[in-house]
Participant: 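Here it is, the structure, as structure tokens.
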Amino acid sequence: MIDMEKVYNFELVEGKWSKYWIENKTFSAKVDKSKKPFTIVIPPANITGSLHMGHALNTTLQDIIIRFKKLQGYNTLWVPGTDHGGIATQTVVEKILKKEGINKYELGREKFLEKMWQWRSETGDTILNQLKMMGCGLDWDRVAFTMDESRSKAVKKAFIEFFNKGLIYRGKRLVNWCTRCGTALSDIEVEYADEKSHLWYIKYMLKDSNEHIVVATTRPETMLGDTAVAVSPDDDRYKELVGRTLVLPLLNREIRIISDYIIDKSFGTGAVKVTPACDTTDNEIAKRNNLEIIEITDITGKMINVPEKYKGLTINEAREKVVKDLQDLDFLEKIEDYAHKVGKCYRCSTTLEPLMSEQWFLDVGEMSKKAIEVVNEQNTVFHPESWKRPYTLWLENLRDWCISRQLWWGHRIPVYYCIDEKGNKTNCKPIASFDKPTHCSCCNGTNFVQDEDVLDTWFSSALWPMSVFGWQDDRNNEELQYFYPTSVLATGHEIIYLWVARMVQFGLEFMKEVPYKDVFIHGIVRDKHGGKMSKSLGNVVDPREIMHKYGTDALRFALASAAAPGRDMQVSEESFLSARNFANKIWNASRFIIMNLEGIENLEKELTSVELSDKWILAEFFETSLKVKKAYDSYNIDTASRELYDFFWTKYCDWYIELSKIRMTSENRQERKQVLKILVYVLKNMLQLLSPVMPFITSEIWQILGEKKIIAESKLLNEQKENDKSSIDEMKSLQEIIVSLRTIRSEMNISPVCQIEALFNVLDENKVKVVKDNENYIKQLAKISSITFAKNITRPKNSALAITSGFEIFLPLEGLIDIEKEKLRLSKEVALAKQEIERTTIKLQNDNFIKRAPNSEIEKVKSKLNEANIKLEKINESLKFLG
RNA sequence: GGGCAGUUAGCUCAGCUGGGAGAGCAUUUCCCUUACAAGGAAGAGGUCACAGGUUCAAUCCCUGUACUGCCCACCA
């Protein structure tokens with residue numbers, strides 16, 4: 001006797017299965033050339049992270065895809081891993097150390113890195129353990145880390161190849177500088193935020209003249225670094241002045257007035273102060289016009305190369321002082337309120353300062369062109385397609401990638417400089433190599449120092465699809481050949497540029513092949529009001545809490561059914577509750593069947609039943625199955641989930657199981673077995689189709705049903721047969737009759753225990769057989785004691801009326817009926833029928849409609865009109881009869 | 001400034017290669033009918049953002065407008 005609790009207890013089930021899959025290596029994959037591979041590499045989560053909704057969604061979707069492909073017979077592989085997270089992780093650990101009163105500079109690089117590694121070994125696997133709890137079908141023998149030995153080798157190898165090709169170069173450029181982190185950032189690591197500020201209007205005097213030009217600026221302190229004033233070439237106001245000399249206030253430096261196309265004459269005064277060291281636009285103007293670049297801030301954000309009184313001030317202090325001095329000397333014309341966007345560090349939100357500094361850059365020109373080509377040629381396909389354009393546009397306008405970071409946590413740049421005996425760098429050519437070189441090729445020196453900087457964390461991420469398969473050891477190795485290119489990359493749209501595009505670039509550069517065939521872009525999880533989830537806003541829904549409260553399958557199902565491709569989604573507590581209820585429904589429907597299977601044997605050998613409800617549920621199932629498979633295959637996970645839900649609940653449970661109950665009470669043992677056979681058949685197939693989304697509950701029930709192989713390792717059972725859809729229409733008639741009888745009962749407040757008789761006046765001869773054959777169902781489900789079929793039945797007194805599916809049905813309700821209520825009900829029906837008649841008549845009177853609409857449509861409207869006419873006539877008769 | 005989404009029931013969202021709209025939650029009524037009250041039955045609730053156009057026919061296609069959200073950009 002199998003004991004199943006009345007309420008699905010996920011706690012008893014989940015731990016058991018997640019452990020089983022890991023211990024039995026259910027999702028481990030080896031090269032097997034007899035099977036087609038299906039590969040996904042996980043977007044490696046930062047080791048600082050613990051599971052949030054974004055991870056939960058992302059991994060659920062990947063797991064669904066993997067599990068479905070496995071059912072289809074692919075050799076599936078999903079590779080797990082984590083990312084060292086460069087700046088993000090270093091920031092976190094710095095903060096922790098700060099609380100302990102430790103300063104990283106006092107600690108020194110080496111000791112600090114020890115702390116980092118210690119921290120990583122203590123907490124770095126948190127997220128992987130959480131993925132295990134979620135039941136993710138990852139190959140746990142392949143866990144990779146972007147900074148482990150093997151991945152580090154890959155980074156060095158890639159760097160050295162780039163370096164030797166001349167694609168990596170060092171240059172002094174204006175970069176985004178975070179004064180808090182003390183490092184440069186790439187352009188996409190900048191986040192812009194609105195900030196209220198001012199526009200300061202400053203007068204610049206013309207040399208040897210009393211005239212002046214007014215410039216508007218949001219950063220008055222940068223005037224200390226001005227080397228020109230620029231105007232638009234087609235600005236008539238300033239045409240005469242171009243080429244003249246200005247005297248910079250406070251400094252008395254002489255600067256020229258130049259013209260440059262980029263200036264918008266309609267903004268401010270049309271004249272712009274040019275500070276090449278503090279602004280990217282100005283920097284470009286400077287390049288075009290050969291202007292001097294004066295650096296006025298250092299890497300800590302303090303003023304340099306300025307008059308003594310400003311030296312060493314912070315930017316804000318300098319601003320205050322400069323404004324005051326300008327005011328005192330009457331150079332400040334006015335101050336306006338102004339809101340604009342300010343660049344912030346994407347990890348610590350400090351306002352960024354553009355700063356001239358020596359950095360390593362990667363020339364991405366050629367790689368970008370190729371990365372665009374492969375997408376245009378559909379070697380890599382975006383799902384949904386709408387993301388292709390942003391991807392392409394971004395790559396088209398991409399500037400070289402600043403890959404060096406002034407951090408300690410990360411891959412140290414493998415470039416070595418020859419040094420003399422005093423420890424100073426020589427002028428010899430730097431060498432990129434895996435280890436410290438033994439001797440310098442220029443001077444035969446043997447002393448070297450390594451570059452201090454580390455690489456942008458995304459550099460190692462860009463190699464991920466190759467590095468997890470050992471590209472760094474042997475680019476012709478069997479695994480790489482078999483699993484690369486991977487099948488699909490699933491990720492949110494926020495890292496298309498940071499990560500997706502760069503993997504394509506690197507993949508093409510080193511493998512000459514795209515890293516994945518499909519890119520599945522899903523949305524971002526938002527709170528119930530559409531806002532971003534963030535700890536500071538306090539609107540975070542923690543997936544671990546949801547798992548604890550509603551179960552992991554509920555979490556997964558809710559996320560899956562909300563995951564329309566490419567669109568952000570809102571999740572709320574209710575969606576998880578409803579998913580939990582669905583799990584319970586699955587449990588109880590299965591429980592019902594399993595209880596009835598008690599003592600039944602040899603079910604497989606039973607005949608396939610031929611009765612309507614069986615044919616119907618099979619037809620409906622085949623249709624659903626087809627839709628679900630198609631949806632899974634095209635990454636429409638939401639559609640698949642909804643189809644499964646809808647079929648299981650409203651067709652299988654609400655109708656088929658209810659009908660089965662009636663047949664199961666029959667004395668006929670054979671009949672009972674036949675129903676059970678269909679019940680079990682559909683259930684098993686449904687469990688399989690549901691198992692990618694809800695692996696725990698489906699695994700459990702599958703096992704209780706006595707299957708020897710676990711569901712994750714089963715193969716999809718059903719093959720598409722010829723589907724006889726006529727049963728769907730016939731069943732629909734039956735359902736309509738039952739529903740309309742129930743409606744009358746409900747509206748007349750007739751007690752459910754009260755059996756009533758029904759008279760079926762036949763209007764359509766063709767419908768009689770089906771209804772008569774299934775009379776028993778109508779009786780049971782609508783609580784009807786007896787049914788009389790006849791033509792021209794006389795309308796009984798005090799009866800209620802239903803017209804549906806070719807019958808005029810009378811329910812004699814002497815003593816039960818409220819005549820007034822029935823009249824009211826019928827007059828509403830009259831109104832509806834009249835409306836229908838009017839609408840269809842107008843259509844049919846329209847010559848153009850008759851001429852141009854397809855025949856099938858015309859027939860449909862005609863039959864609607866016909867039905868409505870009959871309905872109206874019959875209801876009117878009834879109304880007359882009721883008085 | 002450019003690009004991309006969205007606007008459908010009180011809320012969260014489906015639907016659409018054009019033929020008078022669906023689900024979940026919430027709500028009303030009835031029911032503890034032995035799979036499930038985390039349930040069942042029945043109901044109420046919508047000029048499908050607005051304005052034009054194409055068409056016999058528009059929630060769906062086209063154009064424009066408004067609002068919302070996101071991304072990109074060198075408006076000081």
Side-chain angles (χ1 to χ4, degrees), chain A residues 4 6-8 188 192 199 215-219 222 230 262-264 266-275 279-285 338 340-341 384 386-387 389-390 393-394 397 493-494 496-497 523-524 526 528-532 550 554 558 561-562 564 566-575 577-596 638-639 642 645-646 649-650 653-654 657-658 661 738-739 742-747 749-753 780-783 835-836 839 843 846-854 856-858 860-861:
Chain A
M4 287 175 82
K6 201 169 171 182
V7 170
Y8 171 56
I188 32 175
Y192 291 89
L199 259 185
V215 297
T217 179
T218 53
R219 300 190 57 194
T222 63
I262 207 142
I263 306 301
D264 174 2
S266 66
F267 186 87
T269 61
V272 182
K273 58 191 272 318
V274 181
T275 323
D279 183 279
T280 42
T281 311
D282 291 7
N283 196 266
E284 281 167 21
I285 294 173
Y338 188 63
H340 65 144
K341 287 191 170 171
S386 54
W387 285 105
R389 219 170 112 79
L393 282 175
W394 185 75
N397 298 306
H493 51 72
E494 74 273 21
I496 290 181
Y497 310 134
I524 294 175
R526 300 182 174 279
K528 67 192 294 189
H529 305 294
K532 240 182 183 166
Y550 302 110
S561 47
R567 287 190 49 189
D568 290 353
M569 65 199 75
Q570 272 140 283
V571 294
S572 59
E573 194 91 2
E574 294 92 64
S575 59
L577 190 90
S578 122
R580 192 245 351 225
N581 292 352
F582 182 45
N584 196 47
K585 189 76 179 176
I586 296 170
W587 182 256
N588 276 294
S590 308
R591 193 163 73 98
F592 168 75
I593 293 164
I594 288 161
M595 277 164 48
N596 279 290
D638 60 325
T639 308
R642 266 195 302 271
Y645 182 100
D646 183 59
W649 203 309
T650 68
C653 291
D654 288 351
I657 289 185
E658 289 308 314
K661 280 185 193 169
I738 291 166
V739 167
R742 294 210 275 220
T743 305
I744 292 174
R745 294 188 64 112
S746 173
E747 296 204 343
N749 290 327
I750 294 164
S751 155
V753 287
Q780 295 283 342
L781 295 182
K783 311 277 187 205
Q835 220 174 37
E836 181 78 0
R839 217 188 62 221
K843 263 196 172 178
N846 183 344
D847 283 347
N848 280 325
F849 177 71
I850 302 295
K851 252 186 262 170
R852 313 209 174 165
S856 60
E857 184 58 30
I858 297 171
K860 214 157 99 188
V861 175

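As the structure is a prediction and not an experimental result, all values here were calculated from the model. In what follows, chains carry the letters A, B, and so on, assigned in the order in which the sequence lines appear, proteins first and then strands, with residues in each chain numbered from 1. Note: hydrogens, waters and symmetry copies are ignored here, and every other heavy atom, side chains too, is used.
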Participant: Once you round it to whole Å, what is the distance between C1' of B:A14 and CE of A:M569?
Facilitator: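 These atoms are roughly 14 Å apart.
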Participant: Listed by chain and number, what are the side-chain hydrogen bond (donor to acceptor under 3.5 Å, both in side chains) partners of A:D264, not counting sequence neighbours?
Facilitator: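 Once residues adjacent in sequence are excluded, the partners of A:D264 under the side-chain hydrogen bond (donor to acceptor under 3.5 Å, both in side chains) criterion are A:S266.
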Participant: The side chain of A:P854 lies closest to which of these nucleotides: B:A76, B:G19, B:A38?
Facilitator: B:G19
Participant: A:E494: what forms a salt bridge (charged side-chain N to carboxylate O under 4.0 Å, His left out) with it, not counting sequence neighbours?
Facilitator: none
Participant: Contact between A:I285 and A:D279 at the side-chain level, heavy atoms closer than 4.5 Å - yes or no?
Facilitator: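 A side-chain contact is absent here, since even the closest heavy-atom pair is not under 4.5 Å.
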Participant: Check the distance between B:A76's P and A:I285's CD1 and give it to me in whole angstrom.
Facilitator: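 For the pair A:I285 CD1 and B:A76 P, the rounded distance is 12 Å.
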Participant: Would you classify A:I657 as touching base, sugar-phosphate or nothing, given that sugar-phosphate means primed atoms plus P, OP1 and OP2, and contacts are heavy atoms under 4.0 Å?
Facilitator: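 Here A:I657 touches the bases of the nucleic acid.
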Participant: If you only use heavy atoms from C-beta on, which nucleotide in B:C36, B:G19, B:C75 is closest to the side chain of A:E857?
Facilitator: B:G19
Participant: Categorize A:R642 for me: base, sugar-phosphate, or nothing, with a 4.0 angstrom heavy-atom threshold over every strand shown.
Facilitator: sugar-phosphate
Participant: Please list each protein N or O that sits under 3.5 Å from an N or O in nucleotides 22-33 of chain B, with the distance.
Facilitator:
from	atom 1	to	atom 2	distance (Å)
B:G24	O2'	A:S578	OG	3.4

Participant: If the condition is ring-ring contact (aromatic ring centres under 6.0 Å, His included), which residues does A:Y8 pass it with, not counting sequence neighbours?
Facilitator: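 Only A:W587 meet the ring-ring contact (aromatic ring centres under 6.0 Å, His included) criterion with A:Y8.
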Participant: Run the ring-ring contact (aromatic ring centres under 6.0 Å, His included) test against A:Y497 and tell me which residues pass, sequence neighbours left out.
Facilitator: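 So A:Y497 forms a ring-ring contact (aromatic ring centres under 6.0 Å, His included) with A:W394.
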Participant: Please classify the nucleic acid contact of A:N846 as base, sugar-phosphate, or nothing, using heavy-atom distances under 4.0 Å.
Facilitator: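 Touches sugar-phosphate only.
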Participant: Whole angstroms only, please: what is the CD-P distance between A:E747 and B:G43?
Facilitator: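 In whole Å, B:G43 P and A:E747 CD are 7 Å from each other.
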Participant: Of all residues at least two apart in sequence or in a different chain, which pass the salt bridge (charged side-chain N to carboxylate O under 4.0 Å, His left out) check with A:D646?
Facilitator: A:K651
Participant: Taking any heavy-atom pair under 4.0 Å as a contact, classify A:A230: base, sugar-phosphate, or nothing.
Facilitator: nothing
Participant: Which is true for A:K851 with a 4.0 Å heavy-atom rule: it touches a base, it touches only sugar-phosphate, or it touches nothing?
Facilitator: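 The residue A:K851 makes no contact with any strand.
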Participant: Looking only at the side chain of A:N584 (C-beta and beyond, no hydrogens), which of the listed nucleotides B:G19, B:A42, B:C36 gets closest?
Facilitator: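 Looking only at side-chain atoms, A:N584 lies closest to B:C36.
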Participant: Residues in side-chain hydrogen bond (donor to acceptor under 3.5 Å, both in side chains) with A:E836, at least two apart?
Facilitator: A:R839
Participant: Taking OP1 and OP2 of B:U34, is either one under 4.0 Å from a side-chain nitrogen or oxygen of A:K6?
Facilitator: no
Participant: Which residues satisfy the side-chain hydrogen bond (donor to acceptor under 3.5 Å, both in side chains) test with A:N581, sequence neighbours excluded?
Facilitator: none
Participant: For A:R642, give me all partners under salt bridge (charged side-chain N to carboxylate O under 4.0 Å, His left out), at least two apart in sequence or on another chain.
Facilitator: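 In terms of salt bridge (charged side-chain N to carboxylate O under 4.0 Å, His left out), with neighbours along the sequence ignored, A:R642 is linked to A:D638.
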Participant: Consider the side chain of A:T217, meaning its heavy atoms from C-beta on, and name the nucleotide among B:G40, B:G19, B:A76 that approaches it most closely.
Facilitator: B:A76
Participant: Using OP1 and OP2 only, check whether a side-chain N or O of A:R591 sits under 4.0 Å from B:C36.
Facilitator: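 Yes, A:R591 has a side-chain N/O under 4.0 Å of OP1/OP2 on B:C36.
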Participant: Name the closest nucleotide to the A:R742 side chain, picking from B:A41, B:G40, B:A14.
Facilitator: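 Of all the options, the side chain of A:R742 is nearest to B:A41.
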Participant: Base, sugar-phosphate alone, or nothing: which one does A:V215 contact when heavy atoms must sit under 4.0 Å apart?
Facilitator: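 The answer is nothing, as A:V215 stays clear of every strand by at least 4.0 Å.
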Participant: So what does A:Y338 touch, heavy atoms closer than 4.0 Å: a base, only the sugar-phosphate, or nothing?
Facilitator: sugar-phosphate
Participant: Between the protein and nucleotides 1-8 of chain B, which nitrogen or oxygen pairs are less than 3.5 angstrom apart?
Facilitator:
from	atom 1	to	atom 2	distance (Å)
B:G3	O3'	A:R389	NH2	3.4

Participant: From the options B:A76, B:G40, B:A42, select the nucleotide whose nearest atom is closest to the side chain of A:T743.
Facilitator: B:A42
Participant: Looking at the side chain of A:A853, which of B:A76, B:G19, B:A35 is the nearest nucleotide?
Facilitator: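 The nucleotide sitting nearest to the side chain is B:G19.
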Participant: Check the phosphate of B:U34 against A:K661, side-chain N and O only, distance under 4.0 Å to OP1 or OP2. Yes or no?
Facilitator: no
Participant: How is the base pairing of RNA chain B summarised as a dot-bracket string, given the Watson-Crick and G-U wobble criteria with both distances under 3.5 Å, [ ] for crossing and | for another strand?
Facilitator: (((((((..((((.....[..)))).(((((.......))))).....(((((..]....))))))))))))....
Participant: Just jot down the salt bridge (charged side-chain N to carboxylate O under 4.0 Å, His left out) partners of A:K661, sequence neighbours excluded, or say none.
Facilitator: A:E658
Participant: Select base, sugar-phosphate, or nothing to describe what A:D638 touches, counting heavy atoms under 4.0 Å on all strands.
Facilitator: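 Since no nucleic acid heavy atom lies under 4.0 Å of A:D638, the category is nothing.
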Participant: Determine whether a donor-acceptor pair (one donor, one acceptor, N or O, separation below 3.5 Å) exists between the side chain of A:E658 and the base of B:A35.
Facilitator: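 Donor-acceptor pair under 3.5 Å: yes.
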